[in-house]
Amino acid sequence: MFSKVISSVGTICFAFLFFIDHTKAEITHTVNENDTLWTIAMNHGVSVLDIKKENNKSTNAVTVGEQLTIPEGITPEEEELLARLVSAEAKGEPYAGKVAVATVVLNRVNSPEFPNSIKEVIYEVSPTGNPSFTPVQNGTINQPADKESKKAVKEALAFEGQGHGSLFFYNPEKATNHWIATRETTTIIGNHIFAR
């Protein structure tokens, strides 16, 4: 009798957890008149490539009324943390530079050389014992993100997987670690050199 109760409870718990996980990933978007894959990705904080993959699309074309399954994106907390980093790290830089800073973090999450989450990447400590990002070290990451940095994060999420694969950025006027200058430059935006 006791084993039947335990078995039944286990089955109910498994079904409940499966239902929660299943419903969490199921977000459907109905394409409106002015929608593009890019605007849909920006609004949902996910990549265009992930939307295409989730919906078996080979082109960027969408039609009004089309139902698209939106894959699960990052959490609001991760998005806010990333926006605060961008705001502190790229203050005074052009908008494209802010998008590129956010992209570096996302590229690191997807790289086997770095941790697997936005929070772990942002708070990672370098081999020298210092935080990898200056705003973590000086505390400016705790300041609220500006509106432009929040938008830059949304754009970086939509653009994810389509860039130059930058894993680093630095300001050559301020960099004290000369190793960074040995990395392959991918682009230069404002005062930052981006590299991989």
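Placement of Ile118 and Val46 in two distinct hydrophobic clusters is found when ILVMFWY residues are connected by side-chain heavy-atom separations under 4.5 Å, directly or transitively. By the rule that hydrophobic residues join a cluster once side-chain heavy atoms approach within less than 4.5 Å of another member, Ile40 and Leu157 end up as members of separate clusters. No continuous path of hydrophobic side-chain contacts links Ile74 to Met42 [ILVMFWY only; heavy atoms under 4.5 Å]. Residues Val99 and Ile188 do not share a hydrophobic cluster, defined by chaining ILVMFWY side chains whose heavy atoms lie under 4.5 Å apart.
A heavy-atom distance below 4.5 Å is found between the side chains of Ile141 and Leu81. With contacts defined as side-chain heavy-atom distances shorter than 4.5 Å, the pair Val109/Ser117 does not qualify. Counting only heavy atoms from C-beta outward, the side chains of Glu124 and Phe133 never approach each other to under 4.5 Å. Contact of the Phe169 side chain with the Glu89 side chain is registered, since non-hydrogen atoms from C-beta on lie closer than 4.5 Å. In this structure, Val153 and Lys150 have side chains that are not in contact, with every pair of non-hydrogen atoms separated by 4.5 Å or more. Residues Leu37 and Leu68 are in side-chain contact: their nearest non-hydrogen atoms beyond the backbone lie under 4.5 Å apart. Using a 4.5 Å heavy-atom cutoff, the side chains of Phe114 and Leu167 are in contact.
Between the side chains of Asn55 and Glu66, not a single donor N or O lies within less than 3.5 Å of an accepting N or O. A side-chain donor from one of Asp35 and His29 sits under 3.5 Å from a side-chain acceptor of the other. There is a side-chain donor-acceptor pair under 3.5 Å between Ser166 and Thr186. In this model, no donor atom of one side chain and acceptor atom of the other lie less than 3.5 Å apart for Glu173 and Asn191. Looking at Gln67 and Thr28, their side chains never bring a donor and an acceptor atom within 3.5 Å of each other.
Taking both residues in full, the closest heavy atoms of Val125 and Ser132 are given as C-OG, 4.2 Å, listed atom of the first, atom of the second, then distance. In terms of heavy-atom proximity, Thr36 sits nearest to Val62 at CA-CG2, 4.2 Å. Taking all atoms of both residues into account, the shortest heavy-atom contact from Ala152 to Ala102 is O-CB, 4.5 Å. In terms of heavy atoms, Ile193 sits closest to Pro172 at CD1-CG, 3.7 Å. Between Ala100 and Ile189, the shortest heavy-atom distance links the atoms CB-CD1, 3.8 Å.
Atom-to-atom distance recorded for Ser87:OG and Leu82:CG is 11.0 Å, nearest 0.5 angstrom. We find the OG-NZ distance between Ser149 and Lys91 to be 9.5 Å, quoted to the nearest 0.5 Å. Taking NZ of Lys151 as the start and CD of Glu155 as the end, the distance is 7.0 Å to the nearest 0.5 Å. The line from CD1 of Ile51 to CG of Asn60 is 10.0 Å long, rounded to the nearest 0.5 Å. Summarising the geometry, atom CG belonging to Asn171 is positioned 7.0 Å from atom CD belonging to Glu93; distances are rounded to the nearest 0.5 Å. The NE2 atom of His164 sits 10.5 Å away from atom CZ of Phe194, with the distance rounded to the nearest 0.5 Å.
Counting only distance, with no hydrogens or angles, the side chain of Asn110 and the backbone of Leu106 share a donor-acceptor pair below 3.5 Å. Judged purely by atom type and a 3.5 angstrom limit, Glu80 has no side-chain atom pairing as donor or acceptor with the backbone of Glu77.
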### Task
Let me see the working for Arg108 and Val104 under side-chain contact (heavy atoms from CB on, under 4.5 Å), right down to the final yes or no.
CA-CA 6 Å; Arg108 285 186 179 192; Val104 164; 3.9 Å; yes

### Task
Go through His192 and Val101 one step at a time and tell me if the side-chain contact (heavy atoms from CB on, under 4.5 Å) criterion holds.
CA-CA 9 Å; His192 283 145; Val101 166; 4.3 Å; yes

### Task
Step by step, work out the side-chain contact (heavy atoms from CB on, under 4.5 Å) result for Thr69 and Ile27.
CA-CA 6 Å; Thr69 301; Ile27 298 172; over 6 Å; no

### Message
Checking Tyr123 against Lys119 for the side-chain contact (heavy atoms from CB on, under 4.5 Å) test, could you report, in this order, the C-alpha distance in whole Å, the side-chain angles of both residues, the deciding distance, and whether it holds?
### Response
CA-CA 6 Å; Tyr123 288 106; Lys119 184 176 182 179; 3.8 Å; yes

### Task
Could you go through the side chain to side chain donor-acceptor pair (under 3.5 Å) check for Asn107 and Glu160 one step at a time?
CA-CA 8 Å; Asn107 287 345; Glu160 189 174 3; over 6 Å; no

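The environment of Lys57 atom NZ is dense: over 12 non-hydrogen atoms of other residues, nucleotides or ligands sit within 6.0 angstrom.
Lys154 meets the side-chain hydrogen bond (donor to acceptor under 3.5 Å, both in side chains) test with Glu79; sequence neighbours excluded. With sequence neighbours left out, the side-chain hydrogen bond (donor to acceptor under 3.5 Å, both in side chains) criterion links Thr185 to no other residue.
A salt bridge does not link Arg196 to Glu113: none of the charged nitrogens lies less than 4.0 Å from a carboxylate oxygen. A salt bridge links Glu148 to Lys98: at least one charged side-chain nitrogen sits closer than 4.0 Å to a carboxylate oxygen.
Ring centroids of Trp179 and Phe168 are separated by less than 6.0 Å, placing the two rings close together.
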